[in-house]
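See structure below.
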Amino acid sequence: MATVQLQGIFKRYGDNQVVHGVDLRIAHGEFIVLVGPSGCGKTTLMRMVAGLEDISGGDLLIDGARANELPPQQRNIGMVFQSYALYPHLSVYENIAFGPRLRKEPESSFRPRIEAAARMLNLTPYLERLPRALSGGQRQRVAMGRAIVREPALFLFDEPLSNLDAKLRVQMRTEIKALHQRLKNTIIYVTHDQIEAMTMADRIVVMNAGRIEQVGAPLELYDRPANLFVAGFIGSPGMNFIEGEIQRETYGASLVCADGTRIHVQAPGIEHGSRVTLGIRPEHIVAGQGEVRVNVEVVEPTGAETHLYAKLGGQPLCVAAAGRLAVQPGDALSLQLPETRLHYFDSATGARLNQDHPHEQAA
Ligand code: ADP
Ligand code: MG
């Protein structure tokens with residue numbers, strides 16, 4: 001097992017600063033998922049933890065000891081990165097056996113681990129093949145097998161399932177979770193996939209432009225995003241945002257949009273005249289009742305849900321209704337935006353304004 005601490009970690013490439021003081025404390029056995037838009041510094045951060053990239057400033061502690069200058073091979077880390085290099089002249093089996101052979105481990109000790117990894121990764125029929133006779137997804141699984149047989153204290157996965165088809169991704173997701181439960185090692189895992197992040201993580205770290213925006217359990221981030229960035233990044237389809245001005249009234253308040261649309265809300269504790277971005281997830285809007293009226297523009301049946309697209313206050317709105325709806329483009333539709341599902345953000349700073357946990361009050 002391994003703990004990892006990042007203390008004020010910076011990274012510069014020449015004059016270009018790409019990681020701006022990242023602080024993060026990862027416990028023994030934690031499954032940490034790192035998400036964020038392309039170019040925000042996820043891979044750079046992983047490479048610094050792995051020792052493949054110099055740290056420009058700050059401290060990296062592995063098991064409490066400063067590891068900034070520790071050579072990669074002394075960090076006891078198993079890595080699977082987006083771009084993985086297999087030895088082209090070695091079979092799948094020998095590629096996976098490379099690490100244990102290097103450490104002069106007897107074959108009788110590592111062979112069962114390779115066979116188990118091959119079963120988990122659906123690679124058993126391919127163990128004697130050369131990498132050039134494999135598909136991209138199969139090669140990616142070989143790279144994963146190589147990391148797994150080492151049983152390291154710390155795994156770094158950088159979008160390891162990105163080359164796999166949808167069905168295999170789901171299967172591998174379950175396998176990686178099972179592997180984690182069995183080995184109880186520490187995992188830092190980068191993904192673009194919302195479902196992977198939500199289902200695998202003990203905690204999700206949301207990064208943006210070289211900084212951490214929020215760290216929390218998946219449902220904490222879903223229920224109570226700290227700012228507009230996290231609110232928009234976590235959840236699929238993404239949270240709706242309606243901008244306007246809060247006008248306090250005798251009972252409650254209204255969000256008044258630029259086109260004059262008034263949406264009745266409670267806006268607890270928010271002052272008259274505040275510029276506010278109201279957030280509500282598509283799955284929390286109730287269709288077919290309520291005082292908000294929209295005209296449906298697009299209807300997308302996904303099977304389990306129906307996604308409706310419309311405009312509210314001149315701003316795009318997505319509604320995800322369970323099941324199938326007899327709604328056509330052009331239809332008028334009543335909507336309810338339940339107050340307990342509303343997120344209020346300061347339009348200027350993006351910071352969350354309501355401090356309650358919406359889901360806890362939901363009926
Ligand atoms: P992510 O993995 O989140 O997509 P990266 O960590 O790969 O992002 O990149 C973060 C930023 O650092 C990007 O702006 C990228 O262009 C820059 N960067 C990455 N590697 C290098 C490099 N070797 N030299 C210069 N800039 C780099
Ligand atoms: Mg990357």
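These values consider heavy atoms only, across backbone and side chains, with no hydrogens, waters or symmetry-generated copies. Quick note: residue numbers are just sequence positions, from 1. Start at 1 and go down the list; that is how both ligands and their atoms are numbered.
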Anything with a heavy atom under 4.0 Å from ligand 1 counts, so go ahead and list those protein residues by chain and number. Tyr13, Val18, Pro37, Ser38, Gly39, Cys40, Gly41, Lys42, Thr43, Thr44

Glu271 atom CD: more than 12 heavy-atom contacts under 6.0 Å: no

If you measure only the distance, is there a donor-acceptor pair under 3.5 Å linking the side chains of Glu53 and Thr44? no

Would you say the side-chain atoms of Thr306 pair up with the backbone N or O of Pro301, donor to acceptor, closer than 3.5 Å? no

Please set out all donor-acceptor pairs under 3.5 angstrom arising from side-chain atoms of residues 195-211, sequence neighbours excluded.
| from | atom 1 | to | atom 2 | distance (Å) |
| --- | --- | --- | --- | --- |
| Glu196 | OE1 | Tyr189 | OH | 2.9 |
| Glu196 | OE1 | Thr191 | OG1 | 2.9 |
| Glu196 | OE2 | Arg169 | NE | 3.3 |
| Glu196 | OE2 | Arg169 | NH2 | 2.7 |
| Thr199 | OG1 | Ile195 | O | 2.7 |
| Asp202 | OD2 | Phe31 | N | 2.8 |
| Arg203 | NE | Glu30 | OE2 | 2.5 |
| Arg203 | NH2 | Arg25 | O | 2.7 |
| Arg203 | NH2 | Glu30 | OE1 | 3.0 |
| Arg203 | NH2 | Glu30 | OE2 | 3.3 |
| Asn208 | ND2 | Glu213 | OE2 | 3.0 |

Show the numbers, then the answer: is there a side chain to side chain contact (heavy atoms under 4.5 Å, CB included) between Val265 and Ile246? CA-CA 9 Å; Val265 293; Ile246 291 294; 4.2 Å; yes

Contact summary for Gln140 and Ser162, nearest pair of heavy atoms: NE2-OG, 3.5 Å

Distance under 6.0 Å and angle within 45° of the ring axis: does Arg47 meet both against Phe81? no

Result, protein N, O or S atoms below 2.8 Å from the Mg ion (ligand 2), excl. waters, equals 1

Linking Ile, Leu, Val, Met, Phe, Trp and Tyr by side-chain heavy atoms under 4.5 Å, what else ends up with Tyr309? Val298

Donor-acceptor side-chain pairing of Arg293 and Ser334 below 3.5 angstrom: yes

